[in-house]
Amino acid sequence: MEIATFLPKTYTESIDNGSVTWKSPSNIALIKYWGKKEDQIPQNPSISFTLDACATVTTLTYKKKEVTNDHFSFELFFEGKQKDDFKPKINIFLERIHQYLPFLKDFHFTIETSNSFPHSSGIASSASGMSALALCLMSLEKELNPTMTDKDFNRKASFLARLGSGSASRSIEGDLIVWGEHLDTIGSNDVFAIKYPYKVHEIFKNFHDTILLVDKGEKQVSSTVGHNLMHNHPFAQQRFAQAHENLTKMQSVLADGDLNEFIAIVESEALTLHAMMMTSMPYFILMKPNTLEIINHIWKFREESGTHICFTLDAGANVHILYPENEKEIVYSFIQKELVKFCQNGHHICDRIGFGAKKV
Ligand code: DP6
């Protein structure tokens, strides 16, 4: 995909000030992105369910600078409070995207952001946060270039969000999203995410994701450090090849509604992600004893109940429990009875598949 597509055309409008708000969801990868090259290019393709309840709401207020200068000017409020420690990350993001949005230094911005999920829940907010900000900036670009189509808007929003955080590229649309070039997935590419383009069986339409908050502390390994662990990793090449194969296998699973094979791929991906961390140098164990308790209980319950509950993990101890709509009563009552006790203060979030970001 030609990156030049995202260089701006001449703007037809000019604008002095305004404000826009976007609500952008988090997502959960079924096939994991772990390992990246320069410029936020993933080492392998990934696919995710877009979530619904876990989201970031960001309001961007913009005002044309009276005197133009050569720096980015912005204030940042997180949950109502000024947050200067987030500023360097945003500054890096603005640096990276400036060539694609050349008006960024012409405005003073106020960015007000808040998450629907509890602060320090251990849930990564980079996907929802970076995608929300990218969408707000795209709305401003659309004011300057009103003829932009929705398709171009979404593509560029995903492209920009990726430059903030790789997984954020998958948070613009729903409900199943692919990011990263994959030979068997038409339109897939490394620079923006696309809606999964093939048939999806009904059973995957209303999937639930109950997130068990096992450890609400700060992330032990930042995503940058984590992805870097794949450089010179002894199993890196096999892992990247496996992600491609799993995505190919996933296509017939999704088309046929083969839940057993779905479970096998999703759980294996989660454990492989953690295996990569355990076998890198330096090495990390990000699961906690309660993560393993939950996994063992899920396996036992699945065997006994004949349901199709399964788990996935991100780079942390929290567990995402996935299950289809038609099993929600029995599975959720199991979660409440047997699993919530392994969560910090019993905290868990009931989420489900969502359909992408919305302008508020
Ligand atoms: C384990 O998107 O947080 O959640 O690009 O450095 O911001 P950066 O990384 P990030 O990595 C997410 C990795 C993962 C798997 C996934 O979501 O695919």
Side-chain angles (χ1 to χ4, degrees), residues 24-51 54 56 86 88-90 92-93 96-97 115 117 121-134 158-172 176-180 182 188 190-193 196 209 211 215 218-231 233 236 239-240 242-244 246-247 250 265-278 280 284-287 291 311-320 322 351:
S24 191
S26 186
N27 67 74
I28 180 69
L30 306 171
I31 293 179
K32 306 289 179 183
Y33 149 55
W34 197 242
K36 63 179 166 185
K37 306 180 221 172
E38 281 276 289
D39 299 326
Q40 295 284 104
I41 298 300
Q43 289 275 16
N44 64 256
S46 55
I47 183 167
S48 53
F49 275 150
T50 303
L51 295 181
C54 289
T56 297
F86 285 4
K89 203 170 173 192
I90 303 294
I92 293 173
F93 177 54
R96 282 191 194 154
I97 63 175
N115 292 334
F117 41 91
S121 56
I123 298 195
S125 57
S126 65
S128 54
M130 284 298 178
S131 54
L133 182 54
S158 172
F159 173 86
L160 297 175
R162 180 197 105 244
L163 293 171
S165 175
S167 55
S169 67
R170 299 189 312 240
S171 275
I172 306 297
L176 263 169
I177 302 290
V178 177
W179 170 46
H182 177 240
S188 62
D190 287 344
V191 297
F192 63 86
Y196 177 73
D209 178 2
I211 308 164
D215 180 19
E218 281 286 304
K219 272 212 241 170
Q220 234 185 74
V221 183
S222 76
S223 63
T224 312
V225 171
H227 288 287
N228 282 342
L229 296 174
M230 292 307 280
H231 292 138
H233 190 292
R239 160 59 197 154
F240 302 144
Q242 178 198 44
H244 283 265
N246 279 346
L247 187 47
M250 190 57 114
I265 296 174
V266 168
E267 292 190 347
S268 161
E269 277 286 322
L271 295 178
T272 301
L273 170 70
H274 282 253
M276 289 297 113
M277 287 182 251
M278 287 157 80
S280 57
F284 295 94
I285 300 181
L286 297 187
M287 290 189 223
T291 312
F311 71 86
T312 186
L313 309 166
D314 270 343
N318 296 334
V319 184
H320 288 249
L322 304 177
D351 210 339

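Everything numeric here is computed off the predicted structure, so don't read it as measured data. Whatever order the structure lists ligands and atoms in, that order sets their numbers, starting from 1.
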(message) Going by the closest heavy atom to atom 17 (O) of ligand 1, which one wins out of Arg170, Lys32, Met130, Gln40?
(response) Arg170
(request) Using heavy-atom distances, let me know which of His227, Lys89, Lys36 sits nearest atom 9 (O) of ligand 1. (result) His227
Give the minimum heavy-atom separation between [X] and [Y], together with the two atoms involved.
{"X": "Pro42", "Y": "Asp190", "answer": "CD-O, 3.6 Å"}
{"X": "Ile31", "Y": "Glu269", "answer": "CA-OE1, 3.5 Å"}
{"X": "Met276", "Y": "Met230", "answer": "SD-CE, 3.6 Å"}
{"X": "Val319", "Y": "Thr291", "answer": "CG2-CG2, 3.8 Å"}
{"X": "Ser158", "Y": "Ala193", "answer": "OG-N, 2.8 Å"}

(message) Just to be sure I read this right, does ligand 1 sit under 4.0 Å from the backbone of Ser126, its side chain, both, or neither, counting only heavy atoms?
(response) side chain
(message) One residue to check: Ser167. Relative to ligand 1, which of side chain, backbone, both or neither has a non-hydrogen atom less than 4.0 Å away?
(response) both
(message) My understanding is that only one of Leu30, Asn27, Thr312 makes a side chain to side chain contact (heavy atoms under 4.5 Å, CB included) with Phe49; could you say which?
(response) Leu30
(request) Check each of His233, Lys32, Gln43 against Arg239 using the side chain to side chain contact (heavy atoms under 4.5 Å, CB included) test, and report the only one that passes. (result) Lys32
Below 3.5 angstrom, do we get any N/O pair linking [X] and ligand 1?
{"X": "Ser165", "answer": "yes"}
{"X": "Gly166", "answer": "yes"}
{"X": "Ser223", "answer": "yes"}

(message) Could you check whether Arg162 makes a cation-pi contact with Phe159, meaning its NZ or CZ is under 6.0 Å from the centre of the six-membered ring and within 45° of the ring axis?
(response) yes
(request) Could you list the atoms of ligand 1 found under 4.0 angstrom from a heavy atom of Ala29? (result) 16 (C), 17 (O), 18 (O)
(request) Could you list which atoms of ligand 1 come closer than 4.0 Å to a heavy atom of Asp314? (result) 4 (O)
(request) Check whether any heavy atom of Arg162 sits under 4.0 Å from an atom of ligand 1. (result) no
(request) If you have a sec, work out which protein heavy atom is nearest atom 13 (C) of ligand 1 and how many Å separate them, to one decimal? (result) Tyr33 O, 3.4 Å
